[in-house]
2 protein chains.
Amino acid sequence: MPRPARVSPERILAAAAVEFAAHGYAGAGVDRIARRARVNKAMLYYHFRSKQGLYRALLRDTFGRAADRLRASAATGTTPAEQLDLVIVGIAAFIQQHRHFAAIMLREIAERGAHLDAETLAALAALPRIVAAIIQRGVDEKAFRPVHPLAAYFSMLAPMVMYLAGAPIRERLSAEHFGGGPMLDHDAFVRYIQDSTRRALDLHARPTR
Amino acid sequence: MPRPARVSPERILAAAAVEFAAHGYAGAGVDRIARRARVNKAMLYYHFRSKQGLYRALLRDTFGRAADRLRASAATGTTPAEQLDLVIVGIAAFIQQHRHFAAIMLREIAERGAHLDAETLAALAALPRIVAAIIQRGVDEKAFRPVHPLAAYFSMLAPMVMYLAGAPIRERLSAEHFGGGPMLDHDAFVRYIQDSTRRALDLHARPTR
DNA sequence: GTCTATACTTCGATAGAC
DNA sequence: GTCTATCGAAGTATAGAC
């Protein structure tokens, strides 16, 4: 009895994730979001002030969940190398659980962060910070060679986001242009990223040039 | 004197690249494209049939130029490892010369290739094929360890696209959240991708686990 | 081939009743 | 808090003169 009938905002956010991921900020329709959430459009404007307000609320929520997930993943590891392995599978799992996260990130990058306010930027900044802290510790403990943490961060995050988000295009390509070739499955790709990340940071590997 | 006044289509394509990169397919305004190209809107519809026709013509053109560039880069190398180094700098240079290529690619991935027709897909497929051929040759010559070529392709392309396209967001972040930290410059990042690619493919590196 | 003017549609946002 | 009805802006596309 305490709650009157508050089911709307969560459903609206979920519907907004689908719509913004599918059509982008400009292409998204507030009408479609409301219909998908089984909520009246005026109700949507009542909870969130505008299309922009809804979009930003969604991004803050999504980035916050992602950061929580990465921190939890890292916490279960002991050595920095282990932690990076765990963070990598954590990222992959998060993207799979929030199928629209990747598309939203890709679009926001392409739009030069046009819709990000200071609060959303702060939530986003947590992600590279978590990874950078692990790498820095590895460098300090002489387990990793000294690399720029941001370079390593992009090298593990970007391929996974693009690979997972690019699956639909890849399937059309493999049918028409790479017929019959052995397809790359999800788990194998995640292991490749783990391996190449370890190799990139390995202190003892001989120089390659 | 020979040419009557044919300057339009190229200018339209260039203007469309800016507009589509900045606002996405749905967000792009045909009015703005026409104005930026200093061409009448009706003229634009005369040369290209529709907004979609213009968009596809732009993508085919851009992917075609990228493939030409990669082939030219690879041709100047001798060993597969050398060729990959050259391809990596070729990709980086291409993105810098066509500043909007990265954003358009990112958006198209996010939109699940919704605007790609068969012809555009064929032009896109050339890119992974060029890289895969180099890697396959390296594996055949026992210079590389056997990896899935597509995994390696994504691991070199994705970070560069995302890093270069993400520069605007990164600058806002570094100012507000990573104040004073040593910034990662472009050339250093390209070298990191070259290094990590070599390390990932290195046949003789000891196993890391 | 090039321009002006406009028809037609879609969509974000709000007013106002309940 | 929830709904219906609608306004006003913006945008794609075309008709038709030159």
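Convention: sequence-line order gives letters A, B, ...; per-chain numbering from 1. As the structure is a prediction and not an experimental result, all values here were calculated from the model.
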From [options], nucleotide with atom closest to [X] side chain:
X	options	value
B:K51	C:dG12, D:dT12, C:dG1	D:dT12
A:Y45	C:dT14, C:dG1, D:dT2	C:dT14
A:A42	C:dT2, C:dG12, D:dC3	D:dC3
B:K41	C:dT4, C:dT6, C:dT2	C:dT6

- Message: Are there over 12 heavy-atom neighbours, none belonging to B:R60, within less than 6.0 Å of that residue's CZ?
- Response: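 It does: B:R60 CZ has more than 12 such atoms within range.
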- Query: Backbone N or O of A:A21 within a donor-acceptor pair of the A:R107 side chain at under 3.5 Å?
  - Reply: yes
What is the separation between atom [atom1] on [X] and atom [atom2] on [N], rounded to the nearest whole Å?
X	N	atom1	atom2	answer
B:E19	D:dG11	CD	P	9 Å
A:N40	C:dC18	CG	P	16 Å
A:R35	C:dG12	CZ	P	12 Å
A:R49	C:dA13	CZ	P	10 Å
A:I33	C:dG12	CD1	P	8 Å
A:R32	C:dG12	CZ	C1'	13 Å
B:F48	C:dG1	CZ	P	13 Å
A:F20	C:dC11	CZ	C1'	13 Å

- Mapping A:Y25 and B:Y46 to their closest nucleotides on DNA chain C, which lands nearer the 5' end? B:Y46
- Item | 5′-ward residue of the pair B:M43/A:G29 relative to DNA chain C |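 Comparing both residues, the 5'-ward one is B:M43.
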- With a distance cut-off below 6.0 Å to the six-membered ring centre and an angular limit of 45° from the axis, does A:R137 pair with A:F144 as a cation-pi contact?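 Geometry flag: not set, cation outside 6.0 Å or 45°.
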- Task: Evaluate salt bridge (Lys or Arg N to Asp or Glu O under 4.0 Å) for B:D61 paired with B:R65, printing each intermediate quantity in order.
- Result: CA-CA 6 Å; B:D61 181 75; B:R65 286 175 200 268; 2.9 Å; yes
- Message: Base, sugar-phosphate or nothing for A:A28? Non-hydrogen atoms, less than 4.0 Å.
- Response: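 Sugar-phosphate, no base atom in range.
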- Measuring from A:R56:CZ to A:K51:NZ, what's the distance to the nearest 0.5 Å? 13.0 Å
